[in-house]
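Just so it is clear, the values below take in all heavy atoms, side chains as well, and ignore hydrogens, waters and symmetry mates.
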Amino acid sequence: MSGTINYDLGPASLTSISSYQTIRNSYRQDGSALYVPTLASFGLPFEAVAVDQRRTTKKFTQEVRLASSGAKILDWMIGGFYTHEKSGNAQVIVPYEEEGVVSPFLWPTSPFRVPTRKSLPLVT
């Protein structure tokens, strides 16, 4: 979402541009190729491993410009720009036992709130 306001001050114009953006992205990746052999080397034999990922970004920007109206020989402009951004990255390893049953081991809680011990399809 963004908005622009222009003020005509006669010999100059003032422009203010504000914007705010929120992005949320969640997805599941098949991490079996990496995690199944690695966890097996520690005595944890899982059939498959998924990696649940969540990314978030919140961003605010503000720009202010004061510019000549162009009626003179010399055109000029002065201004400033501000941005503030917060980002997050969460990753949860979800191991699967036989027949696609989610193992409670390594996954006691999850930000995705998927019930444990329930058969879930592994998306690849």
Side-chain angles (χ1 to χ4, degrees):
M1 172 177 13
S2 68
T4 302
I5 299 173
N6 292 306
Y7 296 101
D8 185 0
L9 304 173
S13 64
L14 180 66
T15 302
S16 175
I17 305 169
S18 302
S19 71
Y20 181 76
Q21 180 181 33
T22 300
I23 299 172
R24 292 182 198 102
N25 185 1
S26 299
Y27 59 95
R28 175 170 279 186
Q29 266 184 298
D30 183 3
S32 298
L34 173 65
Y35 289 108
V36 167
T38 303
L39 293 171
S41 69
F42 290 100
L44 302 169
F46 296 114
E47 293 293 317
V49 177
V51 181
D52 286 346
Q53 301 194 37
R54 176 178 290 163
R55 309 260 192 306
T56 59
T57 301
K58 294 180 180 181
K59 185 175 185 176
F60 170 77
T61 62
Q62 176 67 51
E63 180 180 351
V64 177
R65 293 188 308 250
L66 183 64
S68 64
S69 63
K72 305 274 182 180
I73 296 173
L74 178 65
D75 287 331
W76 54 269
M77 180 187 303
I78 187 167
F81 181 81
Y82 170 80
T83 185
H84 179 75
E85 183 173 324
K86 283 186 174 184
S87 295
N89 180 12
Q91 297 178 338
V92 178
I93 296 173
V94 185
Y96 286 82
E97 295 174 350
E98 293 179 15
E99 299 176 9
V101 177
V102 176
S103 172
F105 191 78
L106 293 178
W107 198 55
T109 60
S110 170
F112 295 94
R113 308 257 193 296
V114 177
T116 60
R117 305 299 297 174
K118 182 178 178 186
S119 293
L120 298 173
L122 179 61
V123 179
T124 58

Completion exercise
All heavy atoms of D30 vs all of S32, minimum pair found to be OD1-OG, 2.7 Å
Problem - Qualifying side chain to side chain donor-acceptor pair (under 3.5 Å) pairs with a residue from residues 1-11, counting only residues at least two apart or across chains - result: N6-T15
Practice task
Answer yes or no: are there more than 12 heavy-atom neighbours, outside F81 itself, under 6.0 Å from its atom CZ?
Solution key: yes
Handout entry: Separation between CD1 of I78 and OG of S68, rounded to the nearest 0.5 Å
Key = 12.0 Å
Handout entry: Sequence-distant partners of R65, salt bridge (charged side-chain N to carboxylate O under 4.0 Å, His left out), two or more places apart
Key = E63
Problem - Sequence neighbours excluded, every pair satisfying salt bridge (Lys or Arg N to Asp or Glu O under 4.0 Å) that has a member inside residues 36-46 - result: none
Practice task
Report the distance from atom OG1 of T38 to atom CZ of F46, rounding to the nearest 0.5 Å.
Solution key: 12.0 Å
Handout entry: Interatomic distance, H84 atom NE2 to Y20 atom OH [nearest 0.5 angstrom]
Key = 9.5 Å
Handout entry: Residues in salt bridge (charged side-chain N to carboxylate O under 4.0 Å, His left out) contact with K58, at least two apart in sequence or another chain
Key = none
Exercise for the section: Treat each ILVMFWY residue as a node, draw an edge where side-chain heavy atoms are under 4.5 Å apart, and state whether V64 and M77 are in one component. Expected result: no
Exercise for the section: Any salt bridge (Lys or Arg N to Asp or Glu O under 4.0 Å) involving residues 31-49? Give me the pairs, sequence neighbours left out, ordered by first then second residue. Expected result: none
Completion exercise
Rounded to the nearest 0.5 angstrom, the CG-CZ distance for D52 and R28 is 4.0 Å
Practice task
Establish whether L14 and I17 are linked, either directly or via other cluster members, by ILVMFWY side-chain heavy-atom contacts under 4.5 Å.
Solution key: no
Problem - salt bridge (Lys or Arg N to Asp or Glu O under 4.0 Å) partners of residues 81-94, not counting sequence neighbours, each pair once - result: K59-E85
Fill in the blank from the handout: Taking every heavy atom of S87 against every heavy atom of T57, the minimum-distance pair comes out as OG-OG1, 3.5 Å
Problem - pair S18-M1: side-chain heavy atoms closer than 4.5 Å - result: no
Fill in the blank from the handout: On a heavy-atom basis, the closest approach of S69 and G10 is CB-O, 3.7 Å
Problem - Side chains of L9 and L66 in contact at under 4.5 Å (non-hydrogen atoms) - result: yes
Exercise for the section: Enter the distance from I23:CD1 to Q21:CD here, rounded to the nearest 0.5 Å. Expected result: 4.0 Å
